[in-house]
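In what follows, chains are A, B, ... by sequence order, proteins preceding strands, each numbered from 1.
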Protein chains: 2
Amino acid sequence: MERDNGKGAVTRAAILARALDLASVDGLEGLTIGRLAKELEMSKSGLFAHFGSKQELQLATVGAAAERFRAAVIEPALEAPDGAPRLRAIADAYLAHLEDDDYYPGGCFWAATSAEYDDRPGPVHDAIAGALDTWLGALEHQAQVAGSPDPGRFAFELYAVVMGANSRFRMAGDPIVFAYAREAIDRLLAELPGNPRRGSVEQADLAQD
Amino acid sequence: MERDNGKGAVTRAAILARALDLASVDGLEGLTIGRLAKELEMSKSGLFAHFGSKQELQLATVGAAAERFRAAVIEPALEAPDGAPRLRAIADAYLAHLEDDDYYPGGCFWAATSAEYDDRPGPVHDAIAGALDTWLGALEHQAQVAGSPDPGRFAFELYAVVMGANSRFRMAGDPIVFAYAREAIDRLLAELPGNPRRGSVEQADLAQD
DNA sequence: CCTACCGATCGGTAGG
DNA sequence: CCTACCGATCGGTAGG
């Protein structure tokens, strides 16, 4: 796909960047080839030729979203140590993007498309589900490293809180939900052994608990 | 709208019941007049005449969903006393519906449509947002009655957990998320003053805390 | 990457 | 509640 830097690959990347924005607002069904072509000032069939079917365009868009998420949220958090610090770094990076509104114009791509495809079986559903399972799995792994007694539940709650913040912020527009989410995450992390709450005293006092 | 029991009102109710099912799977945009008419074995224009525009059909569907939610989740929970017991009753009723898969065929109508409309301003967005605000407000009120130190946060977390369970169940199909959600809700309720955890000792021992 | 086209379906209207 | 229709747009194809 990207094994050369020819014009085709450049055009394809430009198409997918725009497709991501459109899909995070209108979903992967609402992403139409005609509209995408018009915004990119190219012909519908010219764009179509890059993918061969709408489904292939949708799958490529899901792949591009996964790459963007990895680069924006996962990659920077790898600088934090394994376990609780990395869990906090991932949650902070994700919430910061949602709050600053500089992530996707339509909020979280995964929130929008997972709700859209939760009842539409097929390759697109499977691609979205696979990406989400990968990230939930990464959260679960970090929770396990951090000593959580129930890493699966921990990952679920972290996921629910950040997705809930996205949903409530997009619908009601009140940024107080980010404070709620951070407080919930603080309490989640405080469950982990030997992990003090944000802004509390240094770890020494609590290490004996 | 329902001030008579004539044939028009009966037909309208049948249309909306079917519209609810379609919209919880394919969203309120994916709900098309032609498909709805075909499933109900009536003409497209005959159905259209009941509403006058697609937007009016969408708004009527949102109203019908609110009524169905109220009857299925809120109404039964009113038998539980104010505060923590009612919060648990609401959460249990909601999770039971999601788990039994007998609520909407496409999972939670509100999860599907709020993600779909979070970036589409207009009357449909406002109707969905209004319904969600009403229920979040009810949760917040009950949390306040139960003595929560931060009812807004409490309501947000409860909302996030049940919506997260819906989302994960629809995408991954693993019912363990309902156990995760119930555990999270137990811990949330345990934060409230004088409220023991499900299955723990009776309230007497804790009343002094 | 283009023009020109296809059948199907969209929301909506005319007229009854 | 119907038949018959409208212009627009959908995904996709032919042929270059």
Length of the CG-P vector between Leu47(B) and dC1(D), whole Å: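 Rounded to whole Å, this separation is 9 Å.
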Atom pair distance, as rounded to whole Å: CD1 in Ile15(B) and P in dC1(D):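 The answer, rounded to whole Å, is 6 Å.
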N/O-N/O pairs, protein side and nucleotides 4-11 of chain D side, under 3.5 Å:
from	atom 1	to	atom 2	distance (Å)
dC10(D)	OP1	Thr32(A)	OG1	2.7
dG11(D)	OP1	Lys54(A)	NZ	2.8
dG11(D)	OP2	Ile33(A)	N	3.2
dG11(D)	N7	Lys44(A)	NZ	3.0
dG11(D)	O6	Lys44(A)	NZ	3.2

Parallel, tilted or perpendicular: rings of Trp135(B) and Phe69(B) (30°, 60°):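 Phe69(B) vs Trp135(B) ring planes: tilted.
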Pairing nucleotide - dG11(C), Watson-Crick or G-U, each distance under 3.5 Å: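 With both distances under 3.5 Å, dG11(C) matches dC6(D).
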Upstream residue (5' side of DNA chain D) when Ser43(B) and Gly52(A) are each assigned their closest nucleotide: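 Per heavy-atom nearest nucleotide, the more 5' residue is Ser43(B).
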Side-chain heavy atoms of Leu158(A) within contact of Leu87(A), under 4.5 Å: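 Touching, per the 4.5 Å side-chain cut-off.
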Ionic contact status for Asp133(A) with Arg168(B), cut-off 4.0 Å: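 Yes, this pair counts.
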Cation-pi geometry met for Arg153(B) and Phe156(B) (6.0 Å, 45°):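 No - Arg153(B) does not lie over the ring of Phe156(B) by the 6.0 Å and 45° rule.
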Step-by-step side-chain contact (heavy atoms from CB on, under 4.5 Å) determination, Leu31(B) to Leu28(B): CA-CA 5 Å; Leu31(B) 171 69; Leu28(B) 285 164; 4.2 Å; yes
Backbone of Arg170(A) reached by a side-chain donor or acceptor of Asp118(B) within 3.5 Å: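 Answer holds: no.
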